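Reviewing the structure listed below.
Counting begins at 1 with the first residue of the sequence. When a ligand or atom number is given, it counts from 1 through the structure's own listing order. Note: hydrogens, waters and symmetry copies are ignored here, and every other heavy atom, side chains too, is used. Quick caveat: nothing in here was measured; it's all calculated off a predicted structure.
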Amino acid sequence: MRDAAVLAKLRAMRIGILTGGGDCPGLNAVIRAVVRSAHLHGDEIVGFRDGWGGVLDGATVELPIERVAGILPRGGTILGTSRRSALEHRDVVRRRFEEQRLDGFIAVGGNGTLFAANELAGEFPIVGVPKTIDNDISGTDRTFGFDTAVHIAAAAIDRLHTTAESHYRNLIVEVMGRNAGWIALHAGLAGGADVILVPERPFDVADVAARVLARRGRGRGFSIIVVAEGATAKDGELVTKGRTDPLGRPLLGGIGHWLEGELEARTRAETRVVVLGHVQRGGTATAYDRVLASRMGQRAHLAVHERRFGTMAALRGPRIELVPLAEATVPNLVPDEELDLAEAFLG
Ligand SMILES: Nc1ncnc2c1ncn2[C@@H]1O[C@H](COP(=O)(O)OP(=O)(O)O)[C@@H](O)[C@H]1O
Ligand SMILES: O=P(O)(O)OC[C@H]1O[C@](O)(COP(=O)(O)O)[C@@H](O)[C@@H]1O
Ligand SMILES: [Mg+2]
């Protein structure tokens, strides 16, 4: 008996975890699941603060099971996050792994964080967990955070309907998603939007105005237009805030305001824009996202425990499976069939 206990102790692993990129509802559910699963297996978890920044700076926090009590419904991430890159500092990453005596590492992040994880996976024992409100990661049917963002955006569209209708206005709702139209499409469908504009299909502003006017022609004096931040007009360019993030990528946003002017001029109807912004990322996760995040977190811990490095936990049909981390680096855009089907519900 005593030997078994000693053996179990010898086999116990020390595992690092970070959350990187934009925060999203469900991150704390992942951290909690990892810690609880580790606790069951006698493993130790150490958190790195602020994404890869914590690895570079050596900013860590021990995560015993008591530390994750009560965090399940909390939005954001108790570890903090950042968009700092570690790829140019592999020597520091190595030092940190040695210093912390890490047997494994879990990177919870979007396509950016998982791109970095995949690059480092040749050299370090890493497992990934895909997160993002954007749902733009391949290899998994869904990312947690997406369902919550869609709920928030759809609820906003419901509210905008009643005021748009009362004032006979066009109301434009700009949602997030980077280069993918998942949030716009799903929130637009759930909220009964009249027009949905996504990055996957550049739009003709004259067509949008024609749809709005056609609705007016049949007595519907208002229209709800959902536009993804990454959507572009056919002969236009990506609309940005004129600033870049720490990785030098343009911050998207502003297409809604551009459309506001165009539609008001073309339809001669009052037009207003609402930019949902970070409201879509804040606050508590839906039950669906909490369950998905918990299942992925548990699977990621077991993957480390089983030394299945270079993989990520992914939703495949009803199951959580391990897929190569490299799959996360392929963009996941809305397929044509899904956009075609949506047409039936617009206008
Ligand atoms: N091209 C890149 N080169 C190096 N590191 C990158 C690159 N893209 C992303 N990363 C890493 O991933 C982190 C977060 O990426 P980002 O795309 O902002 O968020 P997310 O992980 O949510 O997609 C960055 O802080 C950086 O460490
Ligand atoms: O946090 P920031 O800098 O405002 O970034 C906004 C971007 O982050 C997101 O909310 C989430 O993107 P990631 O999951 O890739 O981090 C995007 O939809 C949006 O374009
Ligand atoms: Mg991303």
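- Looking at ligand 1, you won't find any N or O of Gly21 less than 3.5 Å from one of its N or O atoms.
- Under the 4.5 Å side-chain heavy-atom criterion for ILVMFWY residues, a single connected hydrophobic cluster contains both Val173 and Val334.
- Any N or O atom pair closer than 3.5 Å counts here, and Ser85 shares at least one such pair with ligand 1.
- Using cut-offs of 30° and 60° on the angle between ring planes, the pair Trp182 and Phe146 is perpendicular.
- A salt bridge links Arg215 with Asp194: the closest approach of a Lys/Arg side-chain nitrogen to an acidic carboxylate oxygen falls below 4.0 angstrom.
- With respect to Arg316 and Glu327, a salt bridge is recorded, a charged nitrogen being found less than 4.0 Å from a carboxylate O.
- Interface of Lys131 with ligand 1, defined as ligand atoms under 4.0 Å from a residue heavy atom, comprises 22 (O).
- Between His161 and Phe222, the ring planes lie perpendicular to each other; the angle is over 60°, past the 30° to 60° tilted range.
- Each of the following atoms of ligand 1 lies closer than 4.0 Å to a heavy atom of Gly22: 22 (O).
- Remark: side-chain polar atoms of Ser37 are not paired, donor with acceptor, to backbone N or O of His301 under 3.5 angstrom.
- The side-chain contact (heavy atoms from CB on, under 4.5 Å) with Thr113 is formed by just one residue from the set Leu18, Thr19, Thr132; it is Leu18.
- The N/O atoms of Arg249, backbone and side chain alike, include one that comes under 3.5 Å of an N/O atom in ligand 1.
- Distances between N or O atoms of Gly110 and those of ligand 2 include no value under 3.5 Å.
- Atom 5 (O) of ligand 2 has its nearest heavy-atom neighbour, among Arg83, His278, Met176, in Arg83.
- Counting protein heavy atoms only, atom 2 (C) of ligand 1 is closest to Phe115 CE2, 3.6 Å.
- At a cut-off of 2.8 Å, Asn111 coordinates the Mg ion (ligand 3) through an N, O or S atom.
- Geometrically, ligand 1 and Gly112 share a nitrogen or oxygen pair separated by less than 3.5 Å.
- Across the listed options Thr113, Asp134, Ile133, Thr132, Thr113 owns the non-hydrogen atom lying nearest to atom 14 (C) of ligand 1.
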